[in-house]
Amino acid sequence: MATVSSVDGAGTQNAPKHLHFYMHDGYTGPKPTAVLIVNGTGQPLKGSGGGARFGDTVVMDDRLTEGPTPASRVIGRAQGFYVMASQGDPAMLLSMNVLFTDDGPYNGSSLAVMGRNDIAMPERELAVVGGTGAFRMATGYVLWKTASWRGRNAVLELDAYVYASPAAAGA
């Protein structure tokens, strides 16, 4: 399962949970997990090497793992989409569900994440806007870092800080 700890007020029911995991976003290979579904017609974005355009829309079903390597244990899926939503910087609007599928306490639970992902920044912050199961009515944030980037494939390191409703404790 993802590395999980309580922070800032450990031992209280409303303490945030800290989850740490990796997301593997792959455009290439025999089974890509990210697929361009709309070709943007805008100018190529700076810093993208001409590979990304304003309006590009990608749907994803990425693996979430405990560690950064492809052989790491899978703990879930990141399913959603992103749209290149800036006419200058390579920044996107991202909307995804983080679905936990391992046998741990969060199996079947999900987090809804949304926000601006400026991929040129070393660390980005996106909002947790909801959740299900153990994360019912969740709020919080996710800090993103690019762990590696090869061609059009990336491994992202995610640190989620999540507050869940006390009602979720019985979920």
Side-chain angles (χ1 to χ4, degrees), residues 2-3 19-102 106-133 135 138-162:
T3 304
L19 297 97
H20 181 256
F21 47 91
Y22 293 83
M23 183 173 115
H24 301 260
D25 193 51
Y27 275 85
T28 62
K31 293 180 76 178
T33 62
V35 177
L36 180 70
I37 59 169
V38 175
N39 286 307
T41 58
Q43 293 294 318
L45 302 176
K46 68 180 178 181
S48 73
R53 294 181 175 274
F54 176 64
D56 282 355
T57 303
V58 175
V59 66
M60 65 179 182
D61 183 7
D62 293 342
R63 288 180 314 113
L64 299 174
T65 62
E66 280 187 324
T69 66
S72 297
R73 188 165 73 87
V74 175
I75 56 103
R77 307 295 296 187
Q79 299 170 327
F81 65 91
Y82 45 93
V83 179
M84 299 311 290
S86 171
Q87 293 189 49
D89 298 325
M92 60 185 71
L93 164 68
L94 180 132
S95 178
M96 73 176 183
N97 289 310
V98 174
L99 174 64
F100 295 95
T101 59
D102 68 336
Y106 305 125
N107 184 23
S109 298
S110 68
L111 293 171
V113 177
M114 187 169 191
R116 183 177 194 269
N117 182 7
D118 183 346
I119 60 177
M121 299 299 294
E123 184 174 76
R124 291 83 78 189
E125 182 176 325
L126 284 84
V128 172
V129 297
T132 65
F135 300 114
T139 61
Y141 61 98
V142 180
L143 298 177
W144 293 54
K145 294 179 189 169
T146 303
S148 66
W149 196 340
R150 291 190 179 96
R152 300 209 54 183
N153 300 321
V155 176
L156 304 158
E157 181 178 8
L158 285 72
D159 280 292
Y161 296 88
V162 182

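Being a predicted model, the structure only gives us computed values, none of them experimental.
Here the shortest heavy-atom pairing between Gly29 and Pro32 reads O-CD, 3.6 Å. Contact between Ser109 and Phe135 at its shortest, heavy atoms only, is CB-CD1, 3.8 Å. Of all non-hydrogen atoms in Met23 and Leu158, the two that sit nearest each other are CB-CD1, 3.9 Å. Considering every non-hydrogen atom in both Met84 and Arg53, the closest pair reads CB-O, 3.3 Å. Of all heavy-atom pairs spanning Gly40 and Asp56, the tightest one is N-OD1, 2.6 Å. Nearest heavy-atom pair across Gly55 and Val83 is O-CG1, 4.4 Å.
Taking Tyr141 as the reference, Tyr161 meet the ring pair (Phe, Tyr, Trp, His ring centres under 6.0 Å) condition, with sequence neighbours excluded. Here Arg77 pairs with Asp61 under the salt bridge (charged side-chain N to carboxylate O under 4.0 Å, His left out) rule; sequence neighbours left out.
Inspection of the Tyr22 and Asp62 side chains reveals no N or O donor paired with an N or O acceptor under 3.5 Å. Judged purely by distance below 3.5 Å, without hydrogens or angles, the side chains of Glu157 and His20 pair a donor atom with an acceptor atom.
Remark: side-chain polar atoms of Thr132 are paired, donor with acceptor, to backbone N or O of Ser110 under 3.5 angstrom. Here the side chain of Asp118 pairs a donor or acceptor atom with the backbone of Ala120 at under 3.5 angstrom. Not one N or O on the side chain of Arg63 forms a donor-acceptor pair closer than 3.5 Å with the backbone of Asp25. Here the side chain of Asn153 pairs a donor or acceptor atom with the backbone of Thr28 at under 3.5 angstrom. No side-chain donor-acceptor contact under 3.5 Å links Ser95 to the backbone of Phe81. Proximity of a side-chain donor or acceptor of Thr146 to a complementary backbone N or O of Ser148 within less than 3.5 Å is not detected.
Taken to the nearest 0.5 Å, the CD1 atom of Ile119 stands 11.0 Å off from the CH2 atom of Trp144. Once rounded to the nearest 0.5 Å, the distance linking CG of Leu19 with CG of Leu111 reads 7.0 Å. With rounding to the nearest 0.5 Å, the separation of OG in Ser86 from CZ in Arg116 is 5.5 Å. Taking CG of Leu143 as the reference point, atom CD of Glu123 lies at 4.5 Å (rounded to 0.5 Å). For the atom pair OG1 of Thr101 and CG of Leu64, the computed distance is 8.0 Å after rounding to the nearest 0.5 Å. Note that NE2 of His24 and OG of Ser72 are 5.5 Å apart. Values are rounded to the nearest 0.5 Å.
Within the 4.5 Å cutoff, the side chain of Asp159 has no heavy atoms near those of the Val142 side chain. Contact check for Phe21 versus Val98: side-chain heavy atoms found under the 4.5 Å cut-off. Leu94 is listed as a side-chain neighbour of Met96, based on a closest heavy-atom distance under 4.5 Å.
Under the side chain to side chain contact (heavy atoms under 4.5 Å, CB included) rule, Thr57 has a single partner from Leu93, Ile37, Asn39, which is Ile37.
Relative ring orientation between Tyr106 and Phe100 is described as tilted, the plane-to-plane angle lying within the 30° to 60° band.
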